[in-house]
Structures are given as C-alpha cells and as structure tokens.
Amino acid sequence: MLDRKKFDLEMDQVKKEEIKEISKYLERYIEKNANIRDEKLNGLGHGEDAKYVEGIEIPRVGRDFREVADEAVEHIFKNQALLQHPRYLSLVCTSISPYSLMGSILADIYNINVAGYSFAPAANVIEEKIIAYMAERVGYDPKKATGCFTSGGSLSNLTGMIAARENKLHGNRDLPIAVAYTSDQAHTSVKKAMRMMGLRPDQIRILPTNEKFELEPAELEEMIKKDIENGQRPFLIAATCGTTNTGSIDPIPELAKIAKKYDMWLHVDGAYGGSIFFSDIYKNLGKGIEEADSFSWDTHKWALQGYASSAILAKDKDQWIDAFIEHPEYLADVHEAGHIDGWDKGVEMSRPFRAIKLWFTLQCLGTDKLADVIDYSFYNASTMIKELNKKDYWEIMAPSKCAAVNWRLAPKNVDPKYYNEITHKVSEIINEDGYSYILTTTLRGNTCCRVCLINGNTTTEDIINTIEKLNAIAEDLIKEYANK
Ligand SMILES: *Cc1c(COP(=O)(O)O)cnc(C)c1O
C-alpha cells in the first residue's frame with residue numbers, strides 16, 4: 001500500500017496561516033515599484049549573482065518559503081538591468097502602473113485562462129472590449145475588427161504575418177513563389193517571423209530606407225513590379241509605426257495603396273509606436289493605419305504595462321478568424337455558439353488574462369491621463385533636442401518621432417574618424433556615473449547615443465540634469481581628442 005500522506009501535494013498542506021504570511025510577504029515588495037526612482041542605476045545585470053544562483057540546488061525536500069523568497073529577491077530579482085527606472089533612457093521600456101500590477105496579481109491569483117469564451121465569459125468580454133477600444137483608436141470599425149492579447153510584439157508580428165499567408169497565398173499553394181517586403185529599419189522579429197512562416201531568404205526583400213529612415217513607396221512598387229515580371233507572388237508588406245532605432249513611421253497611406261493595387265496584405269508593426277493612438281494630439285502621426293490589415297501594438301512598451309502585454313489587431317474579423325480557426329473535438333462542449341473563442345484568434349491556446357492589466361490601468365487612470373503620458377514623452381523629447389542643439393558639438397542623427405532621440409558627439413575640432421569612438425565613450429562614461437543610462441545604436445555606420453523617452457515617470461528635470469552631465473563628459477572628451 002502506498003502511504004497516501006506521502007503523496008499529498010504541498011498545496012493541500014499549506015496552512016491558512018502560511019497563506020496569510022505569504023500575502024504579507026508579498027505586501028513588503030509591492031511598494032517597491034513606487035520607490036524605484038531612489039535606486040541607483042547599476043547598468044546591465046551583473047554576473048556575480050548569476051554565479052550565486054548557479055550554486056543553488058533543486059532540493060529533494062522542500063525549503064521554507066521565506067528563505068526561498070528572500071534568496072530570490074536578493075539574488076534573482078535585484079539582479080537585473082533597472083529597465084523600469086525613470087532615467088533608464090535606453091531601449092524601449094517603461095515603468096509599470098500600480099494598476100497594471102494589481103491586474104497582474106489578481107489574474108495570477110485566480111489563474112484565469114482566456115483560451116475559450118466559456119471558461120471565463122466576463123474576462124473574454126473585457127479582452128474584446130479593450131481590443132475594440134484600441135481598434136477604434138487606430139481607426140478600424142470596432143464592430144468589424146478583432147484581435148487578441150499576446151506575449152509581445154514578436155508574437156503579434158508573427159500572428160499578423162501568418163494571417164497574411166493564410167489570406168493571400170491560397171492555402172499555401174503560392175508559398176514557393178511568395179515574396180514579402182520590409183525595410184532595413186524593421187525590427188528583427190519581423191524578419192524572423194517571415195522566416196518562421198516558411199519563406200526562404202531569397203523570398204524576403206529588405207529595402208533600404210530614405211534619409212528619414214522610412215520606406216520609399218516608389219522604390220517598393222518598382223521592386224514589386226519586377227518580382228511579378230519574374231513570376232513571383234508579392235503578398236505582404238510589413239511596415240513599421242515607430243522603428244526601434246529612430247521611432248520613424250513608414251508612409252502608411254501610400255503603402256496601403258500599393259498593397260491594395262497588388263492584392264497584398266499590409267501588416268504594421270506598432271510594437272513601439274502603437275501607443276501614439278492613446279493621444280489625440282499625436283495619433284495623426286499614424287494616419288492611414290486604418291487601411292492596414294493587421295497592427296501590432298505593445299502596451300508593455302509605452303503604456304505603463306508590465307510584461308507581457310501586447311495586442312494584435314485585425315481590420316476584418318472574418319478574414320482573420322479564417323486564418324486560425326480549428327474545431328478540436330475535445331473542446332466541442334466548451335464552444336458557445338455566437339462567440340469567438342480565444343484559440344481561434346491567434347496562435348495560443350491557454351492564455352493568461354493579459355488584458356486585465358490594461359483594463360485596470362484605463363479604469364483607474366482614465367484615458368486622459370494615459371494620453372498625458374504619451375504627450376509628455378513627446379515634450380521631453382523636444383526638450384532634449386533643444387538642449388542638445390545649444391551645443392555645437394552634438395549632432396542630431398535622425399528626425400525625432402515617437403519620442404526617440406539619436407545624436408552623436410561630432411565636434412569640429414576633432415577628426416571625424418574618432419566620432420564613433422567618442423560617442424561610444426559618452427555612453428560608457430554616463431552609464432558608469434549611474435545617474436542615467438544611455439546605450440548606443442548604429443545608423444548608417446555612425447555610432448549614435450539613442451534614447452526612447454517613453455517612461456511615464458521620466459521628468460523634464462531628469463532630462464535637463466542628464467544633458468548637463470552629457471555636456472561635461474563631451475567637453476572632457478573634446479579636450480582629450482582635439483589634438484589627436
Ligand atoms: C520591441 C519591438 C518589437 C518586439 O516586441 P517584443 O514585445 O519585445 O516581442 C517589435 N517591433 C518593434 C518596432 C519593437 O520596438
């Protein structure tokens with residue numbers, strides 16, 4: 001006989017008091033986000049703690065939760081780049097709203113699964129409502145549109161492109177001759193999605209961008225014509241609203257016309273730039289997206305949401321569902337007539353209730369405040385440019401869209417062959433200082449400092465102080481390099 005007790009799950013044995021203690025324990029850390037501004041920036045995660053956790057065994061006999069949690073906070077959670085910090089100005093990341101956090105915790109407590117409508121009807125309705133709201137902001141007819149929340153821009157992009165293949169390539173018959181188009185500024189997830197959907201490298205056209213880092217419609221159309229002449233089937237244009245490097249936005253209205261003319265799918269990657277649609281002032285930058293067939297929009301980038309929170313929106317519900325619908329016999333009893341199940345809207349089956357985070361944020365903050373976050377980001381970017389322009393040794397390297405700024409150190413009295421080197425040094429030195437954090441990117445072979453000022457907690461004072469430090473660093477470097 002097996003000893004039943006021996007096989008009892010730990011969950012059954014957790015005493016009520018212990019659960020109380022666990023929630024008190026979590027309480028201690030909930031305030032952490034509110035105090036993040038006081039923490040010193042420590043650069044990227046450091047290796048010491050990674051070494052420490054490598055030494056932790058997975059035990060045969062469980063340990064006390066307090067010990068495990070303390071160890072995790074000290075050596076796992078604290079050991080990360082402080083992406084949420086208001087002066088972590090690099091990459092495309094934000095600090096999260098406490099309401100998003102509340103939604104996230106509740107979704108986990110109830111372990112809600114939005115795979116199928118009838119598992120959690122109200123939760124599914126909330127997701128549909130948020131998707132309809134976002135669709136309306138973009139300019140889609142919310143009654144005709146659909147979409148779902150995914151783990152991020154990468155999955156949203158893949159989902160949009162799979163819909164393109166299913167809709168335009170007639171059951172994959174045309175896949176061997178299919179061609180997809182994007183720009184040299186597109187995020188790598190776009191190119192990766194094209195590979196994952198079955199395209200060979202010679203079926204992927206990566207077009208050079210113009211001086212504004214945008215796709216050139218005339219060049220694109222030329223290439224499409226040439227491919228058709230050669231017996232190919234152009235079927236997908238993947239444009240970007242807010243490129244990762246410069247925040248540039250491809251000319252969507254012109255691209256939409258080309259897509260229509262050649263019976264192609266237009267997908268727009270708005271993982272970064274999508275949130276301009278929360279703003280009444282800046283949503284015009286994305287004019288024309290209402291013509292796109294699908295649109296990716298990360299709310300964990302510029303809309304105060306914790307990971308993972310991204311939406312893939314589709315203009316035409318019927319077209320969209322066709323691409324993903326399946327009828328699992330083991331779920332026949334669960335399907336409710338008149339409702340679209342989550343599993344027919346995209347790639348995933350079991351899904352966490354990601355939409356609740358944005359729901360809480362919109363309910364508690366209101367849409368006006370979220371719009372303010374976006375507008376303030378643009379204000380901070382223009383302040384930064386104004387301050388940089390006050391010194392002739394800085395050179396702005398790209399037009400600023402989506403609150404991104406790219407610049408380099410290019411003093412007249414230093415040999416240009418050192419510009420890449422000294423610009424890199426600016427980043428290294430400011431990061432060592434720990435007040436703010438700025439990484440570099442490369443634009444057309446030029447090293448640039450790059451910031452995306454999309455963190456809702458970044459203040460104008462943060463920007464001004466950062467510029468002061470940058471100027472001091474620059475002036476030291478100029479002295480050092482002027483006579484080389
Ligand atoms: C960040 C980003 C992505 C990838 O999104 P994840 O959420 O990191 O998967 C895709 N496209 C653009 C333009 C991005 O900035």
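In each ligand, atom 1 is the first atom listed, and ligand 1 is the first ligand listed. Just so it is clear, the model here is predicted, and its values are computed rather than measured. We're numbering straight along the sequence, starting at 1.
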Colleague: Below the 3.5 angstrom mark, is there an N/O of Thr244, backbone or side chain, next to an N/O of ligand 1?
Modeller: yes
Colleague: Using a 4.0 Å cut-off to any heavy atom of Ser154, which atoms of ligand 1 qualify?
Modeller: 4 (C), 5 (O), 6 (P), 9 (O)
Colleague: Counting only heavy atoms from other residues, nucleotides and ligands, does the tally under 6.0 Å from NZ of Lys191 exceed 12?
Modeller: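 Counting neighbours around NZ of Lys191, more than 12 heavy atoms of other residues, nucleotides or ligands fall under 6.0 Å, so yes.
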Colleague: Would you mind running through ligand 1 and noting each atom that sits below 4.0 Å from a heavy atom of Ser189?
Modeller: 10 (C)
Colleague: Could you work out, for atom 2 (C) of ligand 1, the closest of Lys301, Gln185, Lys192, His300 by heavy-atom distance?
Modeller: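 The nearest heavy atom belongs to Lys301.
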Colleague: Would you say ligand 1 has an N or O under 3.5 Å from any N or O of Thr240?
Modeller: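 For ligand 1, there is no N or O atom that lies under 3.5 Å from one belonging to Thr240.
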Colleague: Does Ser310 have a heavy atom less than 4.0 Å from any atom of ligand 1?
Modeller: no
Colleague: Below 6.0 angstrom between ring centroids: does that apply to Phe277 and Phe295?
Modeller: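 Yes, the ring centres sit under 6.0 Å apart.
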Colleague: Main chain of Ser248, side chain of Lys212: is a donor-acceptor contact present, judged purely on distance under 3.5 Å?
Modeller: no
Colleague: Relative to the heavy atoms of Tyr272, which atoms of ligand 1 are at a distance of less than 4.0 Å?
Modeller: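 Close to Tyr272: 15 (O).
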Colleague: For atom 11 (N) of ligand 1, what is the closest protein heavy atom, and at what distance to 0.1 Å?
Modeller: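 Ranking protein heavy atoms by distance from atom 11 (N) of ligand 1, first comes Asp269 OD2, 2.6 Å.
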Colleague: At under 4.0 Å between heavy atoms, which part of Ala271 makes contact with ligand 1: side chain, backbone, both or neither?
Modeller: side chain
Colleague: Taking Thr460 for the side chain and Asn380 for the main chain, is one N or O donor matched with an acceptor at less than 3.5 Å?
Modeller: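 It does not hold such a pair.
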Colleague: Which atom pair, heavy atoms only, marks the closest approach of Thr246 to Asn406?
Modeller: CA-ND2, 3.5 Å
Colleague: For atom 6 (P) of ligand 1, which protein heavy atom lies nearest, and how many Å away is it?
Modeller: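 Result for atom 6 (P) of ligand 1: Gly153 N, 3.3 Å.
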Colleague: Using a strict 4.0 Å cut-off to heavy atoms of Gly242, name the atoms of ligand 1 that fall inside it.
Modeller: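 Atoms satisfying the 4.0 Å criterion: 13 (C).
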Colleague: Identify the residue among Val190, Leu236, Asp293, Thr182 that makes a side chain to side chain contact (heavy atoms under 4.5 Å, CB included) with His267.
Modeller: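 For His267, the side chain to side chain contact (heavy atoms under 4.5 Å, CB included) test succeeds with only one of Val190, Leu236, Asp293, Thr182, which is Leu236.
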Colleague: Any salt bridge linking Lys345 with Glu128? Criterion: basic side-chain nitrogen under 4.0 Å from a carboxylate oxygen.
Modeller: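 Counted as a salt bridge, because a side-chain N and a carboxylate O are separated by less than 4.0 Å.
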Colleague: Among all protein heavy atoms in this structure, tell me which lies nearest to atom 4 (C) of ligand 1, with the distance rounded to 0.1 Å.
Modeller: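 The closest one turns out to be His187 CE1, 3.4 Å.
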Colleague: Taking NZ, NE, NH1 and NH2 as the nitrogens, is one of them in Lys317 or Asp141 under 4.0 Å from a carboxylate oxygen of the other?
Modeller: no
Colleague: Measure up the His339 and Tyr117 rings against each other and bin them: parallel (under 30°), tilted (30 to 60°), perpendicular (over 60°).
Modeller: parallel
Colleague: Is there a polar contact between ligand 1 and Asp298, counting only N or O atoms under 3.5 Å apart?
Modeller: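 Yes; the residue has a nitrogen or oxygen that sits under 3.5 Å from a nitrogen or oxygen of the ligand.
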